[in-house]
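Contents: one structure, followed by commentary.
Position 1 is the first residue of the sequence, and the numbers go up from there. Please read these numbers as outputs of a predicted model, since none were measured by experiment.
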Amino acid sequence: MKSEKMLSDLKFNSFLDFNLLFEQWEKLSDQENPSTCLYQDYLTRMKDYPDLSKFPIEREDVLSDRNKLGFSLILSSLFPLSGQEENRILGLSKPFDYHPIYCTPAFKKEFLTPKGEVKIPYNLNEERIYFHKMLHVYALILDQLYGIKINEIYPLVFKVPSSEGFTRHYQIQINSQFVKVVPKVPIPEIKRKSEFCSSNKPNHYEVEKWMELLPLEMFEFHGFILMEAQDLTVAQSVATLNEAVLNQEQVSAESFMEIVEDSVKSLLGKPGIKVGLAVLQTINGRMVMTESRLAYSYLIKHLCGEGCENSYQAVLELLSTVEKPIFLNDLDVAREKLPLGVKLNEMGVKEIILYPLRHNGELVGVLEVCAFQEQTFDPLMLVTLDYLAPSLSLALNRQAEVLDQKIKSIIRKNFTAIHPVVEWKFDEIALDYVLEEEEGEHPEIKPIVFNDVYPLYAAVDVKNSSVERNNAIHDDFQVQLASAKKVLQKAKEVHFLPLLDRLIDQIEEFEKRINFMLVSDEEVKITDFFTMT
């Protein structure tokens, strides 16, 4: 779509008309069904409001005192609210006009400017909204005048920052069933559908071509459109988090944590809370809990305080009680039962949700949600957080796998084949090395010493085994990446998804890297890519 085409330049011959609705009432009232008597009643009562049947109707006529009751009858047939006006997000306007004649208070609050016009959300630009609007317009023209139906038009998702400080996501559905396209001049004869739709690509809309063949000046649009916004906050928050998990390597830890916090706040609808994420992992019975792994924790990091070793056992005791999600709102009891209860009080925390994150039964982390005012949380919120738990568990498990791969990489680089009986000792040495490295130190591999242990056999190392292994892995990755790219390219031909392009680009980047040199970290990243994707 040309960038110079904007909503402000779009001129419509659009007229408000309720006669299509009245015609539907007449059709329904002719049916032999007891429920259709309602439509006959509507028709009878609308005779008292002849202004609403004329064409065209002016906005002032609809909203005038003498027609208010008649307009209410129309709305009651379209929006059977039954007292839900505060919750339903609905609007009515003339065809393809974003200046509603009627809208519920919820619609006005979320989507209208002080002038009464639909405001552009910060995640969409005017050009994209223009393109989406033109799709709806020409879908109607092609359907009513040429019998050509275009592919489904995906609704726009509006990101609306609430005044409370979190983000809500809404999908606006546009219902144009009460709009009639009226040609002002003879329209061109189209013998083949290919003249309108020549592209073989799915979801490829040739709007500019349609505008040239059928300029908007040729048509009038009579009737009205209905707009309804559906709250997709839960689904969109989960989708945003899933995308961040999928692209975890390209997202900084700070940005990932911002996404997590916004998702939790949006799901719970609670702005004034603090969200933390603690990475926990057990290796050979040892809980790995360091400053770097608690960098984005709020609760556990503060509980450890200065010198994590001093509070280590107390924190472990706290975590040992978290077998399933818990909601603590009586911290007076917590002070008596938990050694760190006093410290919770010093932090000013009034209520806590601790949600253990597990992958295949193993604890990989804890989601911490803290409130500083009483009666902020309720137990049902534990169920709401279930939507985010799988994604967060997956993200933290990937970090656990990276640690495992680092340990294995250090062992491969520094030691020969290891017997499983003594593998635990090498894991400990490698783990200490990795953790010291994560803390910014320059560690050295400690000597492996088994006191009072004597070998009863020997082992023989195979010459060049590591080289041959790396060559085999390199060749295997080349085949797997090439096959994966073919699958994604085929999928892209069938269905358009921006995510497919990103995955293909990621595969091509992997191919470039391994052709230069296959290193241990790259092996981990490619394995993660296939496992998680």
task = Determine yes or no for a side-chain-to-main-chain donor-acceptor pair under 3.5 angstrom, with E368 supplying the side chain and Y298 the backbone.
result = yes
task = List for me each residue that meets salt bridge (Lys or Arg N to Asp or Glu O under 4.0 Å) alongside D231, sequence neighbours excluded, and say none if there are none.
result = R168
key: Sequence-distant partners of E254, salt bridge (Lys or Arg N to Asp or Glu O under 4.0 Å), two or more places apart   = none
Does any non-hydrogen side-chain atom of [Y] lie less than 4.5 Å from one of [X]?
X    : Y    : answer
D262 : S266 : yes
I353 : L385 : yes
M257 : V275 : yes
H169 : F158 : no
E509 : D505 : no
M134 : M211 : yes
V260 : L392 : yes
F327 : M381 : no

[X] to [Y] - nearest heavy-atom pair and separation:
X    : Y    : answer
Y138 : L214 : OH-O, 2.6 Å
F372 : K274 : CE1-CB, 3.9 Å
I526 : F510 : CG1-CD2, 3.6 Å
P325 : L382 : O-CD1, 3.9 Å
L396 : A278 : CD1-O, 4.0 Å
I273 : K265 : O-CE, 3.5 Å

Sequence neighbours left out, cut at 3.5 Å: what donor-acceptor pairs do the side chains of residues 482-490 make with other protein atoms?
residue	atom	partner	partner atom	Å
S483	OG	V479	O	3.0
K485	NZ	E511	OE1	3.2

ask   = Please walk me through it: do L299 and L354 pass side-chain contact (heavy atoms from CB on, under 4.5 Å)?
value = CA-CA 9 Å; L299 184 66; L354 290 177; 3.5 Å; yes
Taking side chain to side chain contact (heavy atoms under 4.5 Å, CB included) as the definition, give me every residue that meets it alongside [X], ordered by chain and number, with sequence neighbours left out.
X    : result
Q478 : H474, D475, I514, N515
D143 : K149
N242 : V238, S391
Q373 : T376

message = Run Q230 and Y170 through side-chain contact (heavy atoms from CB on, under 4.5 Å) and show every step you take.
response = CA-CA 5 Å; Q230 297 176 337; Y170 294 99; over 6 Å; no
List the residues meeting side-chain hydrogen bond (donor to acceptor under 3.5 Å, both in side chains) with [X], not counting sequence neighbours, and say none if there are none.
X    : result
S255 : S252
T240 : none
E243 : R502
E228 : R88

With rounding to the nearest 0.5 angstrom, report the [atom1] to [atom2] distance, [X] to [Y].
X    : Y    : atom1 : atom2 : result
I473 : Q480 : CD1   : CD    : 10.5 Å
L140 : I174 : CG    : CD1   : 11.5 Å
N175 : H136 : CG    : NE2   : 10.5 Å
E258 : S263 : CD    : OG    : 11.5 Å

ask   = For the rings on F256 and Y296, is their centre-to-centre separation under 6.0 Å?
value = no
inquiry  = Please determine whether side-chain contact (heavy atoms from CB on, under 4.5 Å) holds for the pair W210 and L135, giving the CA-CA distance in whole Å, both sets of side-chain angles, and the decisive distance to 0.1 Å.
reply    = CA-CA 10 Å; W210 301 340; L135 280 182; 4.2 Å; yes
task = Kindly determine whether L267 and L388 satisfy side-chain contact (heavy atoms from CB on, under 4.5 Å), including the steps that lead there.
result = CA-CA 9 Å; L267 279 178; L388 296 182; 3.2 Å; yes
query = So, K512 and E508, do they make that salt bridge, N to O below 4.0 Å?
reply = no
ask   = Which residue pairs pass the side chain to side chain donor-acceptor pair (under 3.5 Å) test with at least one member in residues 380-390, sequence neighbours excluded?
value = Y355-D386
